[in-house]
Trainee: 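Have a look at this one.
Counting convention: from 1, in listed order, for ligands and their atoms alike.
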Amino acid sequence: MAEVCQETPPQEEGPFYLNSYDRTRPAPHHSDLTAVPGATGRPEGDIIYVTGRVTDEECGPVKGAMVEIWQANAKGRYVHAADPNPAPKDPNFLGFGEAMTDENGIYSFKTIKPGAYPVPGGWIRPPHIHFKVHGGFFHMMVTQMYFAGEEHNRDDFLLNSVSKAEQKRLIIEPARRPESNAENLYTFNVALKPFQART
Ligand SMILES: [Fe+2]
């Protein structure tokens, strides 16, 4: 059990995070990225549910942690103005979300499975969701969640910047949701490290 709660392997933030001062950050900030104020359609792509538990290194729940996610749409395009990908934006997809953990450390999001996208230099990033987790007295965790079975996982420069054992913690297999027969539930647990533990 102790191993499960070792700090989640960090990953690069990348250029498309929308901070609270960025005017392009969508509002409201909430946990359903398929609900865009004023939009009437549903986003392209497969609906997925992403949930998980935020813990400290001793596997205790971190309640009240703020979990931010951001991701490309189904065509591989971010809402961030600096995204050079010419793929179309999706007016029905928020692209950014935030959720606070409950007393058990649990967060959850409704979103869509992101598309892969090209990076200058001829490299293709596999589908992934960026995470930033702020947990009070804990170090802020910045990482990325990946999807099992994606061909570009194998040669992705960022995913392969961590060991194979660490990659296993970042690559998630879908599970069936109890409410439906769809295998679209991804459980991504995040373990934070206390401030004083890092030198
Ligand atoms: Fe990305």
Trainee: Looking only at side-chain N and O atoms, does Tyr117 offer a donor or acceptor that is under 3.5 Å from a partner on His128?
Mentor: yes

Trainee: Applying salt bridge (charged side-chain N to carboxylate O under 4.0 Å, His left out) between Lys132 and each of Glu98, Glu13, Glu68, report the one that passes.
Mentor: Glu13

Trainee: How about Trp70 and Tyr78: are their ring centres within less than 6.0 Å of each other?
Mentor: no

Trainee: Using 30° and 60° as the class boundaries, would you call the ring planes of Phe131 and Tyr107 parallel, tilted or perpendicular?
Mentor: perpendicular

Trainee: Using 2.8 Å as the cut-off, note every protein N, O or S atom close to the Fe ion (ligand 1).
Mentor: Tyr78 OH, Tyr117 OH, His128 NE2, His130 NE2

Trainee: Apply side chain to side chain contact (heavy atoms under 4.5 Å, CB included) to Arg42 and list each qualifying residue two or more places apart in sequence or on a separate chain.
Mentor: Ile47

Trainee: If hydrophobic clusters are built by linking Ile, Leu, Val, Met, Phe, Trp and Tyr wherever their side-chain heavy atoms come under 4.5 Å apart, do Phe188 and Met66 end up in the same one?
Mentor: no

